[in-house]
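Residue indices begin at 1 and follow the sequence shown.
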Amino acid sequence: MSQRPSALTRPTSSKRRLKDLLLQKDNCVCADCASPDPKWASTNIGVFICLKCCGVHRSLGTHISKVLSVTLDEWSDDEIDAMVEVGGNASANSIYEAYIPEGISKPGADASHEQRSKFIRSKYERQEFLKPSLRILSNQKKGSLKTSLSNKITDSFRSSSSTSQKSEGMVEFIGMLKVKVIKGTNLAIRDMLSSDPYVVLSLGKQKVQTSVVKSNLNPIWNEEVMLSVPQDYGAVRLQVYDHDTFSADDIMGEAEIDIQPMITSAMAFGDAGMFGNMQIGKWLKSNDNALLDDSTVNIVDGKVKQEVNLKLQNVESGDLELELEWIPLDQ
């Protein structure tokens, strides 16, 4: 008989489940306006939203939308369970945006507050875009309307989730990769005299990015991002872009990060907490990769880490300094 997780391990596990959900492709943009990198969520609707749409959700009242910060607020296990059960923005929108009438368009990232408010209230408060099978008759008692709607939507999510798993199969993850983007050096000029760089990291269908550093060819980020590592993983793709306000962002170089040496070494040693500080592996510099020098895999204070210095490819200049950390699923 399996033991119930202890009070110490449950919060960490729950937070990881929430981060895994946020890393899904459809959850990397706001469910209501498609703004990138949403940091808020409606826990009873089951969607990730941006700061601007968050303001409208708060005005609906918690009986319709209970809003929490993904990074700042404490989440209960029940709230995380509810988000996971819905399955993310795409699943929720397949219900709440199933029938958007002609003449009504979804607001964009640059929409006004009035445009957001009108759409969001129609979507969640008045439920104008729901599937016909989920619509509730107006003569139902007010107190039972929300419960009836909630049950129908939950059943719909469960049905679609079950179908999706049968047809596509579940992606099995073997661990998490924490990437600390430390700094860039001598990056390429893409504006008049400088650039506004940011870094994008991709693994499979996942994509995460840093903030933009304004007018700096030697930016310091010191930002951490997380990627879930599937069983059938490949290299992590890194791209640096110059942020432009009025045109498409310009590429400032790219590189690939081979994570196999780190993962292979980490799995061979098992529980890193049982060992002292030591080198356990190495990714060697060659003409086929972007390394500036050999990159060693080390156990540091019970954690598997790797410092990586890259020469950006397909660009006139630019280096990038990173630190990788492997986090096994059972940690």
Undergrad: Quick one: do the Gln306 and Thr296 side chains pair a donor with an acceptor below 3.5 Å?
TA: no

Undergrad: Only pairs at least two apart or in different chains count here, so list each salt bridge (Lys or Arg N to Asp or Glu O under 4.0 Å) that has a residue in residues 285-296.
TA: none

Undergrad: Kindly give the heavy-atom pair with the smallest separation between Leu312 and Met252, and that separation in Å.
TA: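 Of all heavy-atom pairs spanning Leu312 and Met252, the closest is CD1-O, 3.6 Å.
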
Undergrad: Can you check whether Glu254 reaches Leu238 side chain to side chain, under 4.5 Å on heavy atoms?
TA: no

Undergrad: Please determine whether a side-chain nitrogen of the Lys or Arg among Asp244 and Arg190 lies less than 4.0 Å from a carboxylate oxygen of the Asp or Glu.
TA: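 So Asp244 does not pair with Arg190 through a salt bridge.
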
Undergrad: Answer yes when Glu97 and Lys106 have at least one side-chain N-carboxylate O distance shorter than 4.0 Å, and no when they do not.
TA: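 Judged by the 4.0 Å cut-off on N to carboxylate O distance, Glu97 and Lys106 do form a salt bridge.
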
Undergrad: Got more than 12 heavy atoms from elsewhere within 6.0 Å of CD, Glu307?
TA: no

Undergrad: Considering only heavy atoms from C-beta outward, does the side chain of Lys52 approach that of His113 to under 4.5 Å?
TA: no

Undergrad: Could you check whether atom CD1 of Ile220 has more than 12 heavy atoms from other residues, nucleotides or ligands sitting under 6.0 Å from it?
TA: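 No - once you tally the heavy atoms of other residues, nucleotides and ligands closer than 6.0 Å, there are 12 at most.
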
Undergrad: If we only count heavy atoms from C-beta on, is the Ile257 to Leu310 side-chain gap below 4.5 Å?
TA: yes

Undergrad: Which heavy-atom pair separates Asp319 from Leu187 by the least distance, and what is that distance?
TA: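 Distance-wise, the nearest heavy atoms are O-CD2, 3.8 Å.
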
Undergrad: To check you understand the geometry: which heavy-atom pair defines the closest contact between Cys28 and Lys207, and what is its length?
TA: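 Where Cys28 meets Lys207 most closely, the heavy atoms are SG-O, 3.7 Å.
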
Undergrad: Side chains of Asp249 and Tyr198: is there a donor and an acceptor less than 3.5 Å apart?
TA: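 A donor-acceptor contact under 3.5 Å links the two side chains.
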
Undergrad: Do Leu291 and Val181 sit in the same hydrophobic cluster, where Ile, Leu, Val, Met, Phe, Trp and Tyr count as joined when their side-chain heavy atoms come under 4.5 Å apart?
TA: yes

Undergrad: Under a plain distance cut-off of 3.5 Å, with no hydrogens placed, do Asn218 and Thr185 share a side-chain donor-acceptor pair?
TA: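 Not at all, the side chains of Thr185 and Asn218 share no donor-acceptor pair under 3.5 Å.
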
Undergrad: Any link between Phe275 and Ile327 through a network of hydrophobic side chains (Ile, Leu, Val, Met, Phe, Trp, Tyr) touching at under 4.5 Å?
TA: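 Same cluster: Phe275 reaches Ile327 through Ile, Leu, Val, Met, Phe, Trp or Tyr contacts under 4.5 Å.
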
Undergrad: Determine whether the side chains of Asp191 and Ser194 contain a donor N or O and an acceptor N or O closer than 3.5 Å.
TA: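 Distance-only check fails for Asp191 and Ser194.
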
Undergrad: Side-chain heavy atoms nearer than 4.5 Å, only ILVMFWY residues, links allowed to pass through others: does that put Val308 and Ile182 together?
TA: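 Looking at the clustering, Ile182 is in a separate group from Val308.
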
Undergrad: Which atom pair, heavy atoms only, marks the closest approach of Ala272 to Val304?
TA: CB-CG2, 3.8 Å

Undergrad: Please tell me whether Asp196 and Tyr241 have a donor and an acceptor in their side chains that are separated by less than 3.5 angstrom.
TA: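 Result is no, nothing qualifies.
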
Undergrad: Is the shortest side-chain heavy-atom distance between Lys303 and Trp326 below 4.5 Å?
TA: no

Undergrad: Do the side chains of Glu79 and Leu68 get nearer than 4.5 Å, heavy atoms only?
TA: yes

Undergrad: Taking all non-hydrogen atoms of both residues into account, name the closest pair between Ala188 and Leu217 and its distance.
TA: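 In this case the closest contact between Ala188 and Leu217 is O-CD2, 3.6 Å.
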
Undergrad: In terms of heavy-atom contacts, does NZ of Lys311 have more than 12 from other residues, nucleotides or ligands at under 6.0 Å?
TA: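 Counting other residues, nucleotides and ligands, NZ of Lys311 exceeds 12 neighbours.
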
Undergrad: Is it the case that atom CG in Asn222 sees more than 12 heavy atoms from other parts of the structure closer than 6.0 Å?
TA: yes

Undergrad: Please tell me if the side chains of Pro197 and Val199 come closer than 4.5 Å, counting only heavy atoms from C-beta onward.
TA: no

Undergrad: Scan side-chain atoms only and decide if His243 and Asp250 contain a donor-acceptor pair under the 3.5 Å cut-off.
TA: no

Undergrad: Are any non-hydrogen side-chain atoms of His57 and Ile64 less than 4.5 angstrom apart?
TA: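 No - every pair of side-chain heavy atoms lies 4.5 Å or more apart.
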
Undergrad: Is it true that the side chains of Ser59 and Arg121 contain a donor and an acceptor less than 3.5 Å apart?
TA: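 Short answer, yes.
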
Undergrad: What about the rings of Phe129 and Tyr96, do their centers lie closer together than 6.0 Å?
TA: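 When the ring centroids of Phe129 and Tyr96 are compared, they turn out to be at least 6.0 Å apart.
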
Undergrad: Give a yes or no on whether Leu227 and Val200 share a hydrophobic cluster (residues Ile, Leu, Val, Met, Phe, Trp, Tyr; joining criterion: side-chain heavy atoms under 4.5 Å apart).
TA: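 Different clusters: Leu227 never reaches Val200 through Ile, Leu, Val, Met, Phe, Trp or Tyr contacts under 4.5 Å.
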
Undergrad: Is there a path of hydrophobic side-chain contacts, each under 4.5 Å between heavy atoms, that joins Leu322 and Tyr233?
TA: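 As far as the 4.5 Å side-chain criterion goes, Tyr233 and Leu322 are connected within one cluster.
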
Undergrad: How close do Ile299 and Gly276 get, heavy atom to heavy atom, and via which atoms?
TA: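 So the minimum-distance heavy-atom pair works out to CG2-O, 3.7 Å.
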
Undergrad: Is Glu128 paired with Lys123 through a side-chain N to carboxylate O contact shorter than 4.0 Å?
TA: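 Between Glu128 and Lys123 there is no salt bridge, as every charged N stays at least 4.0 Å from the carboxylate O atoms.
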
Undergrad: Without swapping roles, check the side chain of Asn89 against the backbone of Phe48 for a donor-acceptor pair under 3.5 Å.
TA: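 Pair found, side chain donor or acceptor close to backbone of Phe48.
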
Undergrad: So, Arg116 side chain and Ala109 main chain: donor-acceptor pair closer than 3.5 Å or not?
TA: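 It does hold such a pair.
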
Undergrad: Could you tell me if the side chain of Phe269 sits less than 4.5 Å from the side chain of Met278, heavy atoms only?
TA: yes

